[in-house]
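In what follows, a structure is listed as structure tokens, so that the remarks can point back to it.
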Amino acid sequence: MPESLPANSVGIVTPLSIAFEQPLDLCSGRTLPRYDLTIETYGELNSSKSNAVLICHALSGHHHAAGYHSMDDKKPGWWDVHIGPGKPIDTNKFFVICLNNLGGCHGSTGPTSTNPETGELYGPDFPIVTVRDWVNSQARLADHFGIKCWAAVVGGSLGGMQAMQWAIDYPERLKHALVIASSPRLTAQNIAFNEVARQAISKDPEFNKGRYFDNDAIPKTGLSLARMIGHITYLSDDGMGSKFGREMRQEKLSFDYNTQFQVESYLRYQGERFSTAFDANTYLLMTKALDYFDPASEYEDDLAKALGQAKCGFLVASFTTDWRFSPERSREITDALVEAGKDVCYAEIESNYGHDAFLISSPRYDAVFAAYMQRVERDMEVPNAS
Amino acid sequence: MRADLEIIKPWFTPGSRVLDLGCGDGELLDDLQQSLGINGLGLEIDADNITACIARGVNVIEKNIDEGLASIKDNTFDTVVMTQALQVMHRPDKTVEEMLRIGKEGIVTFPNFAHWRARFYLALRGQMPVSKFLSYEWYDTPNIHFFTFKDFERLCIDRNIRIIERTVVDHAHRERWSNTLWPNMLGEIAIYRITR
């Protein structure tokens with residue numbers, strides 16, 4: 001809990017809910033009759049509405065990217081290291097919007113919301129949404145604020161996929177896309193990990209085909225396991241090694257099946273905490289959105305052709321020990337952008353933190369991020385800049 | 001701007017697509033973008049240089065050129081330029097071949113090891129030359145291939161590479177009549193414009 005807020009914090013922030021009463025057609029063929037998006041904003045929108053930056057969240061993220069909700073908060077928003085006055089996404093210069101995506105469980109319409117057509121909770125009946133659906137819903141969010149063109153759309157991991165989709169689907173509506181620790185499509189291994197997570201959840205005795213709320217229960221064990229396996233893929237072998245090594249909770253081997261090593265107890269704690277804070281149906285949905293993302297598939301499996309739709313400039317960044325979305329995936333994106341003749345910068349940042357590195361401040365990451373945001377700022381007022 | 005960069009500047013076409021291999025802090029591309037409106041991209045391996053490029057508005061990709069340029073398609077660029085870096089490549093011949101695969105024209109500059117100072121240094125002292133221009137000891141130099149104008153031109157003949165233009169300058173990057181009179185002996189830096 002901060003006794004006083006740091007000078008480079010956006011401070012105390014309050015989420016906002018915005019209602020969209022127009023139906024939204026989804027990739028699945030289904031339609032959402034209406035929806036709410038929960039958002040946070042930081043900084044001030046300028047009079048020409050040219051300084052807006054959209055932050056897209058990753059698998060388990062939400063709208064609370066920076067600042068604190070109250071002085072009692074233990075931690076600031078999930079990307080507080082990079083959003084704030086004087087930080088790479090400088091809120092003295094940019095108006096930042098971060099939202100909870102459709103299907104989420106932090107206020108935006110999703111499985112935990114009431115279906116207006118039945119008056120009951122959506123639960124497992126909430127339509128599976130895709131990255132493209134999210135981008136369409138975000139475009140309406142931009143309209144709500146009168147933002148014709150984002151100065152930048154920024155995201156890490158699944159968030160980076162949204163930035164790419166924006167560039168492909170709405171080329172006139174963004175000047176820059178920052179695609180960090182992301183991938184142009186999931187590998188078989190990625191999908192396999194997601195499937196293990198989904199199986200863990202759906203095989204939990206409390207799951208009840210996704211209608212666990214009918215029994216006032218949650219599939220705690222399954223969600224906890226899903227988070228544990230996910231968490232392993234977010235860290236690197238080296239990172240885990242230096243954090244835990246083979247450190248034990250007791251001095252001697254106990255020759256039983258209780259937690260023996262520190263890493264076991266850490267994972268259990270992470271799983272436990274997540275399982276009561278996140279909705280299982282949302283988790284299933286988010287992993288599906290990841291699996292389905294493959295923009296090249298609509299352009300003859302040619303990523304260069306897909307990204308060739310874009311008119312914005314790109315920053316692509318990866319982290320050396322990220323094996324979930326490895327640097328190789330970011331190089332694929334970069335190569336496709338070069339082939340398509342787009343403006344692209346690519347940095348491969350040394351880090352021990354695996355996939356999680358995109359959430360953590362490090363001197364080189366911050367320098368690259370800030371340098372690119374300077375370019376974003378310069379291009380804000382330039383018409384049709386790239 | 002560095003004098004050798006001034007010399008090669010007229011060899012670029014306004015509005016063309018230029019790749020700079022080992023682009024450093026982006027000085028050349030920045031200048032070409034502003035004065036000729038070229039569409040530039042640099043490849044670089046040094047972290048600080050990469051940040052400097054990004055900040056000044058030069059597109060840059062972090063890449064170890066020695067690992068190859070296979071990910072870049074044929075004829076992606078009009079001109080591929082490499083200044084003072086061919087001698088640090090593991091296989092300069094492959095680098096040159098790749099330059100002319102991914103680009104229509106290549107521009108290379110490199111230190112001429114047959115310059116008279118280097119010749120005398122080795123001949124008289126019996127030691128690898130260390131000079132203001134080639135300032136490394138033999139064991140810590142990044143310059144792992146020492147070659148001369150003649151060597152480079154023989155490579156071009158062997159590989160059917162056409163030399164469009166060439167010039168030589170001294171260590172202060174001056175083009176002098178004496179350099180051009182006896183380039184292999186008197187020129188310190190070779191500057192070549194090549195194509196297939």
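The structure displayed is predicted, hence computed values, not measured ones. Chain identifiers are assigned alphabetically (A, B, ...) following the order of the sequence lines, protein sequences preceding nucleic acid strands; residue numbering begins at 1 within each chain.
Taking A:E348, A:M373, A:E350 one by one and counting their heavy-atom pairs under 4.5 Å with chain B, the maximum is reached by A:E348.
Against chain A, the residues from residues 36-59 of chain B that qualify, each with a non-hydrogen atom under 4.5 angstrom away, are B:N39, B:L41, B:A47, B:I50, B:T51, B:C53, B:I54, B:A55, B:R56, B:G57, B:V58, B:N59 in number order. Near-neighbour residues of residues 74-81 of chain B relative to chain A, defined by a heavy atom under 4.5 Å from a heavy atom of that chain, comprise B:T76, B:F77. Residues of residues 93-109 of chain B having a heavy atom under 4.5 Å from any heavy atom of chain A: none. For a heavy-atom cut-off of 4.5 Å, chain B lies close to A:T334, A:D335 in residues 329-336 of chain A.
The local environment of CZ in A:R378 is crowded, with over 12 non-hydrogen atoms from other residues, nucleotides or ligands closer than 6.0 Å. No more than 12 heavy atoms of other residues, nucleotides or ligands sit less than 6.0 Å from atom CD of A:E44. The environment of A:Y353 atom OH is sparse: at most 12 non-hydrogen atoms of other residues, nucleotides or ligands sit within 6.0 angstrom. Heavy-atom contacts from other residues, nucleotides or ligands closer than 6.0 Å to CG of B:D66 number more than 12.
Nearest heavy-atom pair, A:R364 versus B:E62, reported as atom, atom and distance to 0.1 Å: NH2-OE1, 2.7 Å.
Expressed to the nearest 0.5 Å, how far NZ of B:K73 lies from CD of A:E339 amounts to 3.0 Å.
When heavy atoms are compared at a cutoff of 4.5 Å, A:Q374 approaches chain B solely by way of its side chain, counted from C-beta outward.
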